[in-house]
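Following: one structure in structure tokens, then a few remarks.
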Amino acid sequence: MSSVLVFQGAAIHSIDPEHLEILEDATLVVTDGCITAFYKSPDVIPAANAFPPNALFHRIPPGEFLIPGFVDTHNHAPQWPMRGLGQGLHILDWLSEITFPVEARFADPAYAASIYEHTVSDFLRQGITTASYYSSRHAEGTNILAEICHRKGQRAFVGKCNMDRNAPDYIREESASDSLRETQECVRHIRSLSEGDHNNHLVKPVVTPRFAISCTPELLQGLGEIVKRDDSLAVQTHFNEAQQEIDATTELFPQFGGSEADLYESFGLLNSRAILAHCTIMTDYEKDKIRSLECGVAHCPIANMTVGGGFMVAPIRDFLRRGIKVGLGTDSGGGWASQMLAVIRQAMIASNAREVLSQGKDKALSFEETFYLATLGGARVLCLEDRIGNFQVGKEFDAVWVTTTTGLQSAMTPREDGDSTRTLFEKYIMTGDDRNIAQVFVRGRKVAGVR
């Protein structure tokens, strides 16, 4: 017999970048994890006896509401325990002094299992129902991360980080051939987690060259060939993150004249499934190139304003104007936060700065737009917009049940009599925290929450 959940109460989701739909008394019907009906007015809701007898009803009380689950398009799982360390360092110095020593510890499977248990649980309790994870370069640790995501029910992309040069001996891979072999083994293992369950492919592999600096041409070529042979594989990498990184890349690959777009395209690593993190320093040529190839941008405003060597503000308004797909990323731990709420807030701050720097040409992002980037926009970047991102009928039910609070029950601006649903939503987005997340659902399954 099918599992049927019925949610009745307030629901909020994005229709497009400019428009939120705020429904005061809607009814969502979820059958076997998928949204099968969405009644937007109590006037059209069928009688209770019209639902299957096994339907489980959830009444969302006043002051609470449903929103789609957050989508984190760029996340370093092994950096979760080092968030907040090395802030202010230039990117390559931060990698050498902080990141590589931490990531090297994930060669120990027991350590990887212990940390990843907490990592995945933390992101789920923040309402991040989908995450695109970089693992460390260790194949066994990567498989452990994928297994934990699968068991806990998080929708995830998991990739073994590829790096066969320009890293310390203790973490650098032995050769391109070793890196390619382990990558393919991880792809097979991650896919095996969903064998026999054709409708529940929550955890997927993603090809993950850390960045061009850490990969030999042989490795980049081999990864590109893997992607060309399998048009279901996503790709993720760092792209035009900081001037220090761009300068080092140009020195290693002078034939591309400083264009990372041309570099990655030459190796077959840019396509509609490519997730390009940061994109802070971009020429018009590169913007046009990634748009024509339908690549997605993972905007990580917290990391870009604290690690990397300067106040770096990605041109998100220009990306959106050009039709480039954009989502948000925590970039844990270059970004110090594991909360998508913090990323939303910083994205708004960064866009205000961008408006000033552009002398008004690039208008700041609206509240509606930043929420879109954290949900449906991120789904588009991961090529999942037909499955998640809002409450459209036919999509899977990835959702956060938000409870607003009074007094000192959380950091949120307190709920007061007379607050509209819109007002409560703004208070939650701008001041709430994980204490306001009552329940988290992925494909209809409860995976986290304070109650």
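Everything quoted here is computed from the prediction, not taken from an experiment.
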**Message:** Taking side chain to side chain donor-acceptor pair (under 3.5 Å) as the definition, give me every residue that meets it alongside W80, ordered by chain and number, with sequence neighbours left out.
**Reply:**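 Partners of W80 under the side chain to side chain donor-acceptor pair (under 3.5 Å) test: D122.
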**Sole candidate of K160, R165, R181, R137 that passes salt bridge (Lys or Arg N to Asp or Glu O under 4.0 Å) when paired with E173** =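 Going through K160, R165, R181, R137 one by one, the salt bridge (Lys or Arg N to Asp or Glu O under 4.0 Å) with E173 is satisfied by K160 alone.
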**Prompt:** Of R387, K446, R155, which is the lone residue that meets salt bridge (Lys or Arg N to Asp or Glu O under 4.0 Å) with D398?
**Reply:**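 The passing option is R155.
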Can you tell me how far apart [atom1] ([X]) and [atom2] ([Y]) are? Round to the nearest 0.5 Å.
| X | Y | atom1 | atom2 | result |
| --- | --- | --- | --- | --- |
| I275 | T73 | CD1 | OG1 | 7.5 Å |
| L66 | F7 | CG | CZ | 6.5 Å |
| L382 | F157 | CG | CZ | 5.0 Å |
| S232 | R273 | OG | CZ | 7.0 Å |
| L95 | E245 | CG | CD | 10.0 Å |

Backbone N/O of [Y] and side chain of [X]: donor-acceptor pair under 3.5 Å:
| X | Y | answer |
| --- | --- | --- |
| N304 | M312 | no |
| T431 | Y428 | no |
| R345 | I429 | yes |
| S410 | M412 | yes |
| K395 | E385 | yes |

**Request:** Could you label the plane-to-plane angle of the H238 and H278 rings as parallel, tilted or perpendicular, counting under 30° as parallel and over 60° as perpendicular?
**Result:**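 Ring orientation of H238 relative to H278: parallel.
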**Request:** Hey, can you tell me if H76 and H74 have their rings parallel, tilted or perpendicular (30° and 60° cut-offs)?
**Result:**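 Taking H74 first and then H76, their aromatic rings stand perpendicular (interplane angle over 60°).
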Centroid-centroid distance, [X] to [Y], less than 6.0 Å:
| X | Y | result |
| --- | --- | --- |
| Y264 | F256 | no |
| F425 | F371 | yes |
| Y116 | F106 | yes |

Quiz question: by atom type and distance under 3.5 Å, do the side chains of [X] and [Y] form a donor-acceptor pair?
| X | Y | value |
| --- | --- | --- |
| Q87 | T306 | yes |
| E369 | S366 | yes |
| H90 | D93 | no |
| S179 | D164 | no |
| N162 | T183 | yes |

**Item:** Closest non-hydrogen atom pair between A353 and V313, with its separation
**Value:**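 That closest heavy-atom pairing would be CB-CG2, 4.5 Å.
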**Asked** Which pair of heavy atoms, one from A438 and one from T403, lies closest together, and at what distance?
**Response**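 Result for this residue pair: CB-CG2, 4.0 Å.
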**Item:** With F38 via ring pair (Phe, Tyr, Trp, His ring centres under 6.0 Å) - residues at least two apart
**Value:**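 Once residues adjacent in sequence are excluded, the partners of F38 under the ring pair (Phe, Tyr, Trp, His ring centres under 6.0 Å) criterion are H13.
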